[in-house]
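Below is one structure, written out as C-alpha cells; the observations come after it.
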Amino acid sequence: MPEQRSHTRQLIGSLVVAVLIVAIAIAVVTAQFGPTSAAEQEAIEERRELREERLEERRELLEERREGR
C-alpha cells in the first residue's frame, strides 16, 4: 500500500511538471510569434521599402545631375 501511494505521488508530480513545461513552452512561443510579431514584421518591411525608395530617388537624382552636365 505505501509503495502504491509513492508511485501515485510520483505520477501526479510528473504530470504537474509536464503541464508546467507545456504551459511555459506555449507562453514562450506565443510571446515570440504573437500578434505583435506580425506588426513588427510589417514595420520592418515598411522601413525596408522606404530605404529602397530613398535609394532609388538618390540614384535618379545622381543620374539627372550627370545628364545636366
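When a residue number appears, it is its place in the shown sequence, counting from 1.
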Quick one: pull up CD in Glu40 and CD1 in Ile44 and give me the separation to the nearest 0.5 Å.
-> 6.5 Å

Spacing of CG belonging to Leu11 relative to CG belonging to Leu15, to within rounding of 0.5 Å = 4.5 Å

Hydrophobic clusters join Ile, Leu, Val, Met, Phe, Trp and Tyr when side-chain heavy atoms are under 4.5 Å apart, directly or via other members; which others share one with Leu55?
-> none

Under a single-linkage rule joining Ile, Leu, Val, Met, Phe, Trp and Tyr whose side-chain heavy atoms are separated by less than 4.5 Å, which residues share a cluster with Ile26?
-> Val22

What's the spacing between Leu62 CG and Glu57 CD if we round to 0.5 Å?
-> 12.0 Å

Contacts of Glu45 meeting salt bridge (Lys or Arg N to Asp or Glu O under 4.0 Å) (sequence neighbours excluded), chain-then-number -> Arg48

Answer yes or no: does atom CD of Glu49 have more than 12 heavy-atom neighbours from other residues, nucleotides or ligands under 6.0 Å?
-> yes

Across all chains, not counting sequence neighbours, the side chain to side chain contact (heavy atoms under 4.5 Å, CB included) partners of Val17 are Ile21

State which residues pass side chain to side chain contact (heavy atoms under 4.5 Å, CB included) with Ile12; sequence neighbours excluded, sorted by chain then number.
-> Thr8, Val16

Can you name the residues that form a side chain to side chain contact (heavy atoms under 4.5 Å, CB included) with Leu61, not counting sequence neighbours?
-> Glu64, Arg65

Residues two or more places apart in sequence or in another chain: which of them pass side chain to side chain contact (heavy atoms under 4.5 Å, CB included) with Glu56?
-> Arg59, Glu60

